[in-house]
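Data block below; observations after.
Each chain gets a letter, A, B and so on, in the order the sequences are listed, and its residues count up from 1. The model shown is predicted, which means the values in this text are computed figures rather than measured ones.
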Amino acid sequence: MKIQVIGTIALVCMSLVGVSVAAETAGKTTLDNLQAAFNGESNAKAKYDAFAVKADEEGYKSVAALFRAASASEAIHAKKHAAAIKKLNAEPLATVGKPEVKSTKENLEAALAGETYEKETMYPGFIAQAEAENNKGAAMSFKGAVAAEAEHAKMYKQALSELDAWKSAGKEFMVCQICGYTLFSDPTMLKCPVCAAPREKFTLIK
Amino acid sequence: MKKAACWILAAVQLLVVTGCWLWFHTHHAMGNLLTGDAAGKLLAWGRLAGLLAVLAILFQLMLVGRVRWVERCYGMDRLTRLHHVSGFALILLLILHPVLVTFGHAIQADLSYWEQMADFCKTWRGLLTAVIGLSLMIGASVFSVLVLLKRVRYELWYATHLVLYVAFGLTFLHQVVSGSDLTDHPAFKFYWIALYAFVFVNLAVYRFAWPLLAFARHRFVVTQVVPETGDVTSVYIGGKHLEKFHVESGQFMIVRFLADGFRWEAHPFSLSCLPDEKHLRLSIKRLGDFTRRIPELKPGTPVLIDGPHGVFTSRTCSSDKVLLIAGGIGVTPIRSLAEELVGVGHDVIMIYGNRNSETIVFKNELDELAARTGSKFRLVYVMSDDPAWPGEKGRVDRERIARLVPDLADRDIYLCGPPVMMKGVRTALAGLGVPARRIHAERFAL
């Protein structure tokens, strides 16, 4: 009896989640998605800037550098989305709230959750919608963001697993100024794997 | 068989390059660029144009690099014509590559075309030299076409081609640093470098090392300079171990006389008599500045010889009956072929067209050969502008060929003369039903 009740509740919950996701995307256009992405990236930038300050305060120099690099990357994605919005004859709109800053460990966990959601849920849906509308420019803008978000997620995961080692300064990051792709500083890297911009187009963040 | 192997080798390179390009651009970090946005498409197609342009340049170098194993299959005159024709496609690719790629990156970076171009030159490593190299290449290629159409001086054409080598060198850094994303893939990078190495080793060996080695071995030197007619001079070249210098009747050599006023130019000349172990003979008509000075050559002048080249030889003959048709100075390879073919017992008819009797080169030699060999060698002179000539008068045309050579269908035909005459004779032969495979021709103007 107990099992039946739990099963029924689980089924209802799953249905509710499905309905809520469907409701979230139903009726949304690529322009709506671009605005959502622009808003998300603008807030992410503000959030990572604040997280960087906190990481510096707590002495996690390399984590602070990572947040600064991710912030620079999100700013470029926001700019790309804004350009795509303008191509649809609309104005980019963002409401940037005050970020909730906790400990660096918690901030890293929050950042990882955010990036994971973006790369696994938000952007794939946006890309599918843009491709369905044949808006190739928007689709590429979303794809460019996904490539960078995936790298950010990997870096956050690594930082969380070796947090103590990230206390010292030393980790350096490179951010492509054309597409926002982010990677650990690599002297052998000649050009961006995403947009083919040369090494000279990367900003080094320490 | 060898010809097919050469084509297959070239086709495989085309397939490998386009295949890698296709794989890379359909499996890109940003998805399939070929179905993506405008920037992705422009970059993808622009990169293909760039890759094919380099492939075409390497192909061009193989065509005119005097690479013996290629040249033996096709003959240098055919390779040179293919070089000219494929040059047009190359110019198109050279223009398309920077235009498409610049537009692609300009859209990505939200810049104008010229802002992007300025950014390339300022920030992108290897791009400034590539832009200079590409501009030189486009300029020199267009100029080469003009040279070809207007028949501008050989020296000018040669200088233009030297510029092309420098220009190609300037673009190399761009190719390996930022030019193509394909070079990121270790296997493709290895393939690309191997392709370059293959072409440049062939060039180094056949274009440069071979003539120097031949000179070191044979010590070619001018032994005699003999006037033939008013404007044709024969140059006899001697040397050591000439019995080991393998050359066939009908072939030509690219010759550089190492004397003041001659050493900076190399020109192709045909052998004008059957080679023996003591000397080679070149017979050169006064046609330009260089050839005008040939009578001034002094015995003892060292000679750098690149060759022999050409497939205008008895090896391609499929019958024991042969018709030789020569026009003007085109008689030089025909003269040596006549001697060889008659010597091995072929039934030879030779029709030799000239403007007037004074311009007949080797008349005594040919008459002597005809007298010596009897019915095996029938020689007919045809004068186009000599009313006093007692023999055949007019052009070497369809009616004349049919009348003089009743068993034309049984014969292989060797043809060498000025381009206009060759075109006319080819048309006449086609009209008489001679299949193209039986016509062996050499354009002696490269």
Side-chain angles (χ1 to χ4, degrees), chain A residues 30 34 76-88 92 119 123-124 126-128 130-151 176-183 186-203, chain B residues 21 24-44 46-47 50-51 97 100-111 115-116 118-131 173-186 189:
Chain A
T30 289
L34 278 167
I76 290 159
H77 296 152
K79 193 177 145 197
K80 288 251 165 208
H81 296 330
I85 291 168
K86 282 179 184 166
K87 274 191 189 155
L88 295 172
K119 80 180 170 74
Y123 277 127
F126 288 0
I127 291 167
E131 284 174 346
E133 287 182 27
N134 205 25
N135 188 335
K136 289 173 178 171
M140 292 311 260
S141 187
F142 294 144
K143 284 179 185 174
V146 170
E149 312 304 13
E151 288 305 309
C176 175
Q177 294 306 297
I178 303 297
C179 71
Y181 188 75
T182 313
L183 71 163
D186 175 5
T188 63
M189 193 275 300
L190 293 175
K191 57 185 177 289
C192 177
V194 172
C195 71
R199 184 182 182 84
E200 291 74 15
K201 290 285 172 191
F202 278 76
T203 304
Chain B
W21 167 84
F24 178 84
H25 288 90
T26 50
H27 293 78
H28 192 266
M30 295 283 278
N32 184 351
L33 292 187
L34 299 178
T35 55
D37 64 345
K41 281 180 188 163
L42 285 164
L43 286 172
R47 285 173 191 146
L51 286 168
H97 171 63
L100 295 180
V101 169
T102 307
F103 270 122
H105 280 295
I107 292 171
Q108 265 187 352
D110 205 17
L111 297 172
E115 282 170 341
Q116 182 61 57
D119 187 52
F120 276 158
C121 297
K122 208 168 65 184
T123 338
W124 294 53
R125 192 153 76 97
L127 249 290
L128 180 61
T129 50
V131 168
L173 183 66
H174 161 60
Q175 290 171 50
V176 294
V177 173
S178 59
S180 163
D181 299 71
L182 294 169
T183 51
D184 275 352
H185 196 286
K189 195 167 192 169

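- Heavy-atom pairs under 4.5 Å with chain A were tallied for Asp119(B), Leu43(B), Ile107(B), Asp110(B); the largest tally goes to Asp119(B).
- Contacts of Asp186(A) classified as side chain to side chain donor-acceptor pair (under 3.5 Å), with partners at least two apart in sequence or in another chain: Thr188(A).
- Here Lys136(A) is the residue among Lys79(A), Lys201(A), Gln177(A), Lys136(A) with the most heavy-atom pairs under 4.5 Å with chain B.
- Between Ala196(A) and Arg47(B), the closest heavy-atom pair is CB-NH2, 3.4 Å.
- Within the 4.5 angstrom heavy-atom criterion, only side-chain atoms of Lys41(B), from C-beta onward, approach chain A.
- His28(B) approaches Pro193(A) most closely through the heavy-atom pair NE2-O, 3.6 Å.
- Among residues 137-145 of chain A, the residues having any heavy atom closer than 4.5 Å to a heavy atom of chain B are, in sequence order, Gly137(A), Met140(A), Lys143(A), Gly144(A).
- Using a 4.5 Å cut-off on side-chain heavy atoms (C-beta onward), Arg199(A) and Arg125(B) make no contact.
- Trp124(B) and Ala197(A) get closest at one heavy-atom pair: CH2-CA, 3.8 Å.
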